[in-house]
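Notes to accompany the following structure.
In listed order, ligands and their atoms are each counted from 1. Counting begins at 1 with the first residue of the sequence.
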Amino acid sequence: MSQTIRVRGLEKSYKELKVLRGVDFEVARGSIFALLGSNGAGKTTVVRILSTLLKADAGTGVVNGFDVAAQPAKVRESISLTGQFAAVDEILTGRENLVMVARLRHLKDAGKIADDLLERFSLTDAGARRVATYSGGMRRRLDIAMSLIGNPPVIFLDEPTTGLDPQARLEVWASVRELASQGTTVLLTTQYLDEAEQLADRIAILHEGKIIVNGTLTELKQLLPPAKVEYIEKQPTLEDVFLTLVGADSKDPR
Ligand SMILES: Nc1ncnc2c1ncn2[C@@H]1O[C@H](COP(=O)(O)OP(=O)(O)OP(=O)(O)O)[C@@H](O)[C@H]1O
Ligand SMILES: [Mg+2]
């Protein structure tokens, strides 16, 4: 069984608003899976159900072999969740934040764990500085590092780079790739097509409560025929695929 996450027929409504109408997907161990969707598509709802923070109305979710409804404690031991708002303490240094979390989790060698993570996320030089002085990208990296303490096999990243500048996004992307290369299974949500394009082994588009496509970037691009402009073949971008499938009219009007 190489699927670390299995979701079948997931449904969820908030009062009369039907957000999820039968969501199905699987995520292979050690891979990066991007759940792509417009504002309000239900991405965070899926992540909250899989991280046991919210109950589904119907359907099943299995994470690391445990059912999210029947074995929530086991699921929680298997995951870490990083949301858009970093949970770092500004007054402490980066290293102190990491040491604090390692101690809270009753791990031995909290200092060594902190130093290893600082190095892995290119924060060694910044480790002794208060987080208040960090850039957005450094904070996000520290937040991801903190969520890795205890080596959870599965990590959920809900819009990991929203609000970051291009350089900071590249830094976070590098950290996420590094995670997956070490065997962590990553489920990330994003509204950024380039993020999915750059990072994900598989991309699924959540639209009107269902997964309307799910495949590798190459598979998704094959859904649209390449356009021939003069003698140069123009391959469709993921944005073309997304807008064709979702409909340009449902794009956020901001
Ligand atoms: N607790 C709640 N009560 C009522 N409605 C909710 C609740 N949480 C989410 N919703 C609604 O459910 C829909 C899906 O929300 P969700 O946060 O899952 O979307 P999303 O894809 O994560 O969006 P975004 O890209 O803006 O983060 C939205 O219309 C939202 O307003
Ligand atoms: Mg969201």
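- Counting protein heavy atoms under 4.0 angstrom from atom 4 (C) of ligand 1 gives one or more.
- In terms of protein heavy atoms, atom 18 (O) of ligand 1 is closest to Thr45 OG1, 2.5 Å.
- Contacts of Glu159 with ligand 1, taken as heavy-atom pairs under 4.0 Å, involve the side chain alone.
- A heavy-atom distance below 4.5 Å is found between the side chains of Ser122 and Arg141.
- Here the CG-NZ distance, from Asp158 to Lys43, works out to 8.0 Å after rounding to the nearest 0.5 Å.
- At a threshold of 4.5 Å between non-hydrogen side-chain atoms, the residues Leu199 and Val186 do not count as touching.
- In this structure the side chain of Thr4 never reaches within 4.5 angstrom of the side chain of Phe33, judged on heavy atoms.
- To the nearest 0.5 Å, atoms CD1 (Ile155) and CD1 (Ile144) are separated by 6.0 Å.
- For atom 16 (P) of ligand 1, the protein comes within 4.0 Å by at least one heavy atom.
- Nearest protein heavy-atom contact of atom 23 (O) of ligand 1 is Gly40 N, 2.8 Å.
- Between the side chains of Ser78 and Asn64, a donor-acceptor pair is found at a separation under 3.5 Å.
- Listed by number with element, the atoms of ligand 1 under 4.0 angstrom from any heavy atom of Leu17 are 11 (C), 12 (O), 29 (O).
- Closest to atom 19 (O) of ligand 1 among all protein heavy atoms lies Gly42 N, 3.2 Å.
- The cationic group of Arg169 lies under 6.0 Å from the six-membered ring centre of Tyr192 and within 45° of the ring axis, placing it in a cation-pi geometry.
- Judged by the shortest distance from any of its heavy atoms, Arg48 lies outside the 4.0 Å radius around the atoms of ligand 1.
- Side-chain atoms of Thr185 never come within 3.5 Å of backbone atoms of Ser31 as a donor-acceptor pair (strictly under, hydrogens ignored).
- Residue contacts with ligand 1, taken as heavy atom pairs separated by less than 4.0 Å, involve Val19 solely via side-chain atoms from C-beta onward.
- Heavy-atom proximity to Thr44, at under 4.0 Å, picks out these atoms of ligand 1: 17 (O), 18 (O), 20 (P), 22 (O), 27 (O).
- Between Thr161 and Glu195, the side chains place a donor N or O and an acceptor N or O closer than 3.5 Å (distance only, hydrogens not considered).
- Asn39 ND2, 2.9 Å is the protein heavy atom nearest to atom 26 (O) of ligand 1.
- When hydrogens are left out, the protein atom nearest atom 6 (C) of ligand 1 is Tyr14 CD1, 3.3 Å; that is the closest non-hydrogen contact.
- Closest to atom 25 (O) of ligand 1, if we only count protein heavy atoms, is Lys43 NZ, 2.7 Å.
- One of the N, O or S atoms belonging to Thr44 lies under 2.8 Å away from the Mg ion (ligand 2).
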